[in-house]
S.K.: 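Pasting a structure below so you can have a look.
Quick note: residue numbers are just sequence positions, from 1. Everything quoted here is computed from the prediction, not taken from an experiment.
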Amino acid sequence: MPTALITGITGQDGLYLAELLLGKGYEVHGIVRGQNNPKRDLVAEVVPEVTLHTGDLTDLSSLMRAMSATQPDEVYNLGAVSFVAYSWDNARVTTDVTGNGVLNMLEAVRLFCGSDPTRTRFYQASSSEMFGKVQEVPQRETTLLWPRSPYGVAKVFGHYMTINYRESYGMHASSGILFNHESPRRGPEFVTRKVSMAVARIALGLQDRIVMGNLDAQRDWGFAGDYVEGMWRMLQQPAGDDYVLATGETHSIRELLDIAFSHVGIEDWSDRVGQDPRFMRPAEVDQLIGDASKARDRLGWRPTVGFDELVHMMVDHDLSVLRAAR
Ligand code: GDP
């Protein structure tokens with residue numbers, strides 16, 4: 001039975017990945033940070049078969065202990081301070097966790113592997129935010145990186161460190177450059193879930209309006225369940241590499257609002273949506289659209305959920321949660 005160790009197990013991707021790996025017969029372990037972390041209960045509820053270990057990406061010895069306790073065949077580094085807007089207010093913490101945390105995890109894997117550098121395969125959760133002020137449309141593995149936030153800068157550090165550990169030590173280390181990926185498990189601070197939750201509340205008469213930031217930004221949004229399949233496929237290749245996972249379609253925040261509101265029968269949402277500078281960012285990533293042809297050709301990976309279907313799934317989920325609570 002192969003063994004996997006996941007950082008960021010309590011997040012959206014960690015939960016989907018744990019389900020995927022358990023379904024494939026893996027023994028799955030996760031690293032959880034902090035004293036009395038309330039998200040431990042979520043993991044125990046969704047994937048009770050997972051064994052949790054206490055550790056922190058900023059604490060190398062805790063990662064080394066988790067490696068020797070679990071002896072993993074595969075490590076998925078999904079842990080990060082992941083909210084771009086927050087990364088300006090806490091740039092140093094974001095750098096320590098989202099950037100230096102990758103170096104710590106790579107170092108823990110390298111030391112564990114000893115004389116056999118491919119003993120444990122490593123996946124780094126890199127991000128389309130690394131493209132930032134895009135230098136090419138669509139963005140691919142070779143596109144020049146131009147991050148536009150402390151989060152993006154930290155992810156660039158992790159991406160290049162992963163490549164360097166692969167090239168310097170011969171490790172099986174892959175960097176998945178994932179474009180935005182969403183689901184009913186997405187945190188409420190991200191725009192898709194913020195919209196799906198608000199639209200569900202508005203449809204049920206529990207709320208009148210939603211206050212947003214920049215409505216013109218465009219993102220390439222896919223379904224998180226599809227993207228964790230791509231992560232796993234990367235680690236099944238003979239050697240580590242870098243891959244973009246994306247849908248190849250881009251949509252604006254306005255289109256997101258159109259689809260979500262019209263799903264609950266509201267065609268004109270102009271009086272339902274306000275804007276507030278509080279939700280604007282010091283620098284914006286205007287248009288992300290990915291070219292996942294390398295992942296398609298080499299991994300046989302394809303997204304299966306379209307944008308409309310994704311938004312409907314999220315709104316329907318939030319409607320059913322609210323109805324159940326009534
Ligand atoms: P990101 O791509 O990782 O930053 O994902 P988000 O879901 O946080 O943001 C996606 C885009 O939505 C960004 O361009 C934001 O500026 C834009 N946006 C507009 N209004 C909002 C809002 O109220 N909340 C968030 N999170 N993003 C917003």
Side-chain angles (χ1 to χ4, degrees), residues 1-34 36-57 59-80 101-102 104-125 162 165-166 169-176 178 181 183 185 224-241 243 245 299-301:
M1 190 196 273
T3 301
L5 176 62
I6 303 173
T7 72
I9 184 93
T10 63
Q12 166 188 264
D13 292 7
L15 293 173
Y16 279 113
L17 180 64
E19 286 175 338
L20 178 88
L21 296 178
L22 289 167
K24 292 183 184 297
Y26 278 66
E27 179 182 316
V28 180
H29 298 265
I31 295 181
V32 181
R33 161 183 61 96
N36 251 334
N37 186 335
K39 289 186 174 172
R40 274 178 182 264
D41 296 344
L42 179 66
V43 178
E45 188 191 312
V46 179
V47 277
E49 305 89 335
V50 169
T51 308
L52 293 179
H53 304 261
T54 300
D56 193 308
L57 283 168
D59 183 342
L60 174 60
S61 71
S62 75
L63 304 178
M64 291 174 65
R65 281 196 301 279
M67 289 297 295
S68 61
T70 60
Q71 308 268 312
D73 301 296
E74 298 173 5
V75 168
Y76 294 87
N77 187 40
L78 313 184
V102 185
N104 283 339
M105 198 65 243
L106 279 164
E107 196 56 12
V109 173
R110 183 181 77 84
L111 292 169
F112 171 75
C113 287
S115 59
D116 178 7
T118 58
R119 155 78 179 84
T120 299
R121 300 180 172 197
F122 178 81
Y123 173 84
Q124 168 57 19
T162 302
Y165 268 60
R166 182 170 74 221
Y169 300 118
M171 283 172 58
H172 191 299
S174 290
S175 178
L178 271 52
H181 45 287
S183 74
R185 290 181 181 155
D226 287 338
Y227 287 52
V228 298
E229 168 77 26
M231 297 176 188
W232 176 77
R233 289 190 185 207
M234 288 176 210
L235 295 206
Q236 310 318 304
Q237 300 308 302
D241 206 339
Y243 298 93
L245 299 185
L299 309 177
W301 179 84

S.K.: Using side-chain heavy atoms (C-beta onward) and a distance below 4.5 Å, is Met105 in contact with Met67?
M.R.: yes
S.K.: Could you grab the distance from atom CG of Asn37 to atom CG of Leu42, nearest 0.5 Å is fine?
M.R.: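 Between atom CG of Asn37 and atom CG of Leu42 there are 10.0 Å.
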S.K.: Is the shortest distance from a Lys or Arg side-chain nitrogen in Glu74 or Lys24 to a carboxylate oxygen in the other one below 4.0 Å?
M.R.: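 No salt bridge links Glu74 with Lys24.
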S.K.: Please walk me through it: do Asp13 and His181 pass side chain to side chain donor-acceptor pair (under 3.5 Å)?
M.R.: CA-CA 9 Å; Asp13 292 7; His181 45 287; 2.6 Å; yes
S.K.: Measure the shortest side-chain to side-chain distance between Gln71 and His29 over non-hydrogen atoms and say whether it is less than 4.5 angstrom.
M.R.: no
S.K.: Quick one: pull up CZ in Arg166 and CG in Asp241 and give me the separation to the nearest 0.5 Å.
M.R.: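 The CZ atom of Arg166 sits 5.5 Å away from the CG atom of Asp241.
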S.K.: Quick check: closest heavy atoms across Leu57 and Ala80, and the distance to 0.1 Å?
M.R.: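 The answer is CD1-N, 4.4 Å.
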S.K.: OH/Tyr123 to CG/Leu235 distance, rounded to the nearest 0.5 angstrom?
M.R.: 8.5 Å
S.K.: Using a 3.5 Å distance criterion without hydrogens, assess whether the side chain of Glu27 forms a donor-acceptor pair with backbone atoms of Met1.
M.R.: no
S.K.: Is it the case that the side chains of Glu229 and Tyr16 hold a donor-acceptor pair, with the cut-off being a distance below 3.5 Å and no angle test?
M.R.: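 Looking only at side-chain atoms, Glu229 and Tyr16 do not form any donor-acceptor pair under 3.5 Å.
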S.K.: As an exercise, state the distance from CD1 of Ile31 to CD1 of Ile6, rounded to the nearest 0.5 Å.
M.R.: 10.5 Å
S.K.: Is the shortest side-chain heavy-atom distance between Ile9 and Tyr76 below 4.5 Å?
M.R.: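 In short, these two side chains do not touch, never coming nearer than 4.5 Å.
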S.K.: Which atoms form the tightest heavy-atom contact between Thr7 and Gly79, and what is the distance?
M.R.: OG1-N, 2.9 Å
S.K.: How long is the gap from CG on Asp41 to OG1 on Thr10, to the nearest 0.5 Å?
M.R.: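 One finds 11.5 Å between CG of Asp41 and OG1 of Thr10.
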S.K.: Does any N or O in the side chain of Ser62 come within less than 3.5 Å of the main-chain N or O of Asp56, such that one atom is a donor and the other an acceptor?
M.R.: yes
S.K.: Nearest heavy-atom pair of Thr70 and His53: which atoms, and what distance?
M.R.: CG2-NE2, 3.3 Å
S.K.: I'd like to know if the side chain of Arg119 reaches the main chain of Pro72, judged simply by a donor and an acceptor atom lying under 3.5 Å from each other, with no hydrogens or angles considered.
M.R.: yes
S.K.: Can you tell if the side chain of Leu20 reaches within under 4.5 Å of the side chain of Met231, non-hydrogen atoms only?
M.R.: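 Sidechains of Met231 and Leu20: no contact.
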S.K.: Let's go through Ser174 and Arg233 carefully: what are the C-alpha distance in whole Å and the side-chain angles of both, what is the deciding distance for side chain to side chain donor-acceptor pair (under 3.5 Å) to 0.1 Å, and is it a yes or a no?
M.R.: CA-CA 11 Å; Ser174 290; Arg233 289 190 185 207; over 6 Å; no
S.K.: Indicate yes or no: at least one non-hydrogen side-chain atom of Val50 is less than 4.5 angstrom from one of Leu22.
M.R.: yes
S.K.: Tell me the closest heavy-atom pair linking His172 and Gln237, and the distance in Å.
M.R.: NE2-O, 2.8 Å
S.K.: Would you sort out whether Val43 and Arg40 count as a side chain to side chain contact (heavy atoms under 4.5 Å, CB included), showing the intermediate values?
M.R.: CA-CA 5 Å; Val43 178; Arg40 274 178 182 264; 5.9 Å; no
S.K.: Testing the basics here: between Val47 and Leu15, what is the closest heavy-atom pair and its distance to 0.1 Å?
M.R.: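 Result for this residue pair: CG2-CD2, 4.1 Å.
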S.K.: Grab the two heavy atoms, one from Thr118 and one from Met171, that are nearest each other, plus how far apart they are.
M.R.: CG2-C, 4.5 Å
S.K.: Rounded to the nearest 0.5 Å, what separation is found between the OH atom of Tyr165 and the CZ atom of Phe122?
M.R.: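 It comes to 10.0 Å.
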